[in-house]
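Structure record follows, encoded as structure tokens.
Below, read A as the first sequence line, B as the second, and so on, with proteins coming before strands; counting in each chain starts at 1.
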Number of protein chains: 2
Amino acid sequence: MGQTVSDRKVISFENIKIACKSCSLVTLCLPMGLDPEDMERLDRIIKRSRPLHRGDHLFREGDSFQCLYIVKTGSVKTYAPSEDGGEQVLGFHLPGELIGLDAIENAIHNCSAKILETSAICEIPFSHLEELSTSMPSLQHQMYRLLSREISQDESMLTLLGKNNAEERLAAFLLSLSARFKRRGFSPFDFYLSMSRHEIGSYLGLAVETVSRLFTRFQEDGLLEVERKHIQLLDLERLESVSKRTLGNKDRVQST
Amino acid sequence: MGQTVSDRKVISFENIKIACKSCSLVTLCLPMGLDPEDMERLDRIIKRSRPLHRGDHLFREGDSFQCLYIVKTGSVKTYAPSEDGGEQVLGFHLPGELIGLDAIENAIHNCSAKILETSAICEIPFSHLEELSTSMPSLQHQMYRLLSREISQDESMLTLLGKNNAEERLAAFLLSLSARFKRRGFSPFDFYLSMSRHEIGSYLGLAVETVSRLFTRFQEDGLLEVERKHIQLLDLERLESVSKRTLGNKDRVQST
DNA sequence: CTTTTCGGTTGATCTGGATCAAGTAGAATT
DNA sequence: AATTCTACTTGATCCAGATCAACCGAAAAG
């Protein structure tokens, strides 16, 4: 109990706490680009929880904002619950991705975050982070970049929902996952979907049935192979072309 | 030429340059909450251009990112152009609102910003701002808040596009404008739309014709009075209820 | 003043994807 | 091993909103 987070001489199986500097995500995570000394200072304020399980909440809409969260392993969804029990999925978060940035403004979470599969999560008390960043220009810069990136991503999502039809949306979604897995050293062609069809539909503004039908069609067209949660992308290039035919692009995939 | 921006003893009609401390937007703009001394320091890095006109670009997608922009008077739209000449409108920006936050990450603008009506714009070199914020915790805090707010706004837009039908979207849009005008000391009931029906449609993921028909219907239902760009909201409460009936809400407006 | 242009409106029709309905198969529970 | 339960799939139908088409009227251009 008196032991601080950074004392990790004892490694227990249940409580793996890897410092940033030895974490494989260091090149795409918050500490990216910090010099060793700064990284050490940041490291000291990060808490590493024991693994969380499917269905656990990191936080709920309305909770007071204390920490930012980073996925170390596993995956997390964020969503805006609506009164009638429904939800709008706002994002799926893979290792190295920051969660909770939308809560800084009024210190209240305005979405909920739920674990999709057993995950390790790093927890960063925001007040400490902010304080630290006043004396660490490189950390401040990194925060600006990450916040800005989140805005860019949301904007491209707005474009996707505003202009693209169902098949374009699903293709773009799969390609985005593929690219993100690739950056993390996983196969970009062969992966497991930790989210349900329903959640994919919500994220893309589509009904479950539409998502299901599209998977079937993509498979018939030879674009991919899907069985339950396991998906293999067979033709990234064609998937790419499916994701961005808005008008006039007549090289349709024939399903005969 | 040797005269600095803060020397404004000579006031010319064409070149009105009001310091932040005497600007009416100070309570909702970037310098919000800064103490007088900090505000003065921020003030010195802000450039105030002569008025820009409808159709002028603040920046275009692909431009290198140098400055953030703040609307002082008038209005601006941001949009993502697509190859085929189309565009996705990403936002409409009113006085006090910051433009360009999505460009920080890779120092390239990934959307374009176009003036909707004659507007005065403040220009803030980001490198200076960032530098200043390292020595001004309150400014850094304000930047975090504004970036976070942008994310929240984009997320509620995602929800709007993902879950709400055409009439809910338009009602929500009008209410958002109304609230923002109100905060700025303008009438929340009676204002001019500086954007075209087409731009509203693009922003809301709807066809122009749908927007036009909805205006007509809302008018028939007594919710508002609209003539060309001039709009009067007659019943904010009912508009509110229109904006959030997703399912089951049966108190439909009868158009008889 | 006349003509053109362009933004907006209105009507008619069409369709992508929602909704409704039924069935299937894995995984969890007994 | 039997029984839920839940996620997913597939088919049939429907409808909100897109698209197509025609027209109108304000404002800009000649």
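- When only modelled atom types and interatomic distance are considered, T73(A) and S119(A) share no side-chain donor-acceptor pair under 3.5 Å.
- Screening residues 222-233 of chain A for salt bridge (charged side-chain N to carboxylate O under 4.0 Å, His left out), with sequence neighbours left out, gives no hits.
- Ring geometry, Y69(A) versus H109(A): the interplanar angle falls from 30° to 60°, so the pair is classed tilted.
- Partners of E117(B) by salt bridge (charged side-chain N to carboxylate O under 4.0 Å, His left out), not counting sequence neighbours: none found.
- F189(A) meets the ring-ring contact (aromatic ring centres under 6.0 Å, His included) test with no other residue; sequence neighbours excluded.
- Sorted by first and then second residue, the salt bridge (charged side-chain N to carboxylate O under 4.0 Å, His left out) pairs with a member in residues 149-158 of chain B read E105(A)-R149(B); sequence neighbours excluded.
- Among residues at least two apart or in separate chains, salt bridge (charged side-chain N to carboxylate O under 4.0 Å, His left out) pairs with a member in residues 187-204 of chain A are K77(A)-E199(A).
- The ring-ring contact (aromatic ring centres under 6.0 Å, His included) contacts involving residues 159-181 of chain B comprise F92(B)-F173(B), F173(B)-Y203(B), F181(B)-F191(B), where partners must be two or more places apart or lie in separate chains.
- With a cutoff of under 4.0 Å to any heavy atom of chain A, the contacted region of DNA chain D is bounded 5' to 3' by dC8(D) to dA12(D).
- For the pair H230(A) NE2 and dA27(C) C1', the interatomic distance rounds to 19 Å; values are reported in whole Å.
- At a cut-off of 3.5 Å, with distance as the only test, a side-chain donor of H93(B) or T78(B) sits close to an acceptor on the other residue.
- Side-chain N/O atoms of H57(A) and S112(A) include no donor and acceptor closer than 3.5 Å.
- Backbone-only engagement by G205(A) is indicated by non-hydrogen atom pairs under 4.0 Å involving sugar-phosphate atoms exclusively.
- Salt bridge status for K244(B) with E240(B): present, with a side-chain N to carboxylate O gap under 4.0 Å.
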Below 3.5 Å is the cut-off: list the nitrogen or oxygen pairs between protein and nucleotides 13-16 of chain C, distance only.
none

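- Helix-axis bend for the helix from dC1(C)-dG30(D) to dT30(C)-dA1(D): the local axis fitted to the five terminal pairs at one end deviates from that at the other end by 40°, rounded to 10°.
- Residues meeting the side chain to side chain contact (heavy atoms under 4.5 Å, CB included) test with S176(A), sequence neighbours left out: R180(A).
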Could you pull out the protein-nucleic contacts involving nucleotides 5-12 of chain C (nitrogen or oxygen on both sides, under 3.5 Å)?
unit_1: dG8(C); atom_1: OP1; unit_2: R197(B); atom_2: N; d: 3.4
unit_1: dG8(C); atom_1: OP1; unit_2: K229(B); atom_2: NZ; d: 3.4
unit_1: dG8(C); atom_1: OP2; unit_2: R197(B); atom_2: N; d: 2.9
unit_1: dT9(C); atom_1: OP1; unit_2: R197(B); atom_2: NH2; d: 3.3
unit_1: dT9(C); atom_1: OP2; unit_2: R197(B); atom_2: NE; d: 3.0
unit_1: dT9(C); atom_1: OP2; unit_2: S212(B); atom_2: OG; d: 2.8
unit_1: dT9(C); atom_1: O5'; unit_2: S212(B); atom_2: OG; d: 3.0
unit_1: dT10(C); atom_1: OP2; unit_2: T216(B); atom_2: OG1; d: 2.6
unit_1: dG11(C); atom_1: N7; unit_2: R213(B); atom_2: NH1; d: 2.8
unit_1: dG11(C); atom_1: O6; unit_2: R213(B); atom_2: NH2; d: 3.3
unit_1: dA12(C); atom_1: N6; unit_2: R213(B); atom_2: NH2; d: 3.3

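- Not counting sequence neighbours, the partners of H230(B) by the ring-ring contact (aromatic ring centres under 6.0 Å, His included) test are Y192(B).
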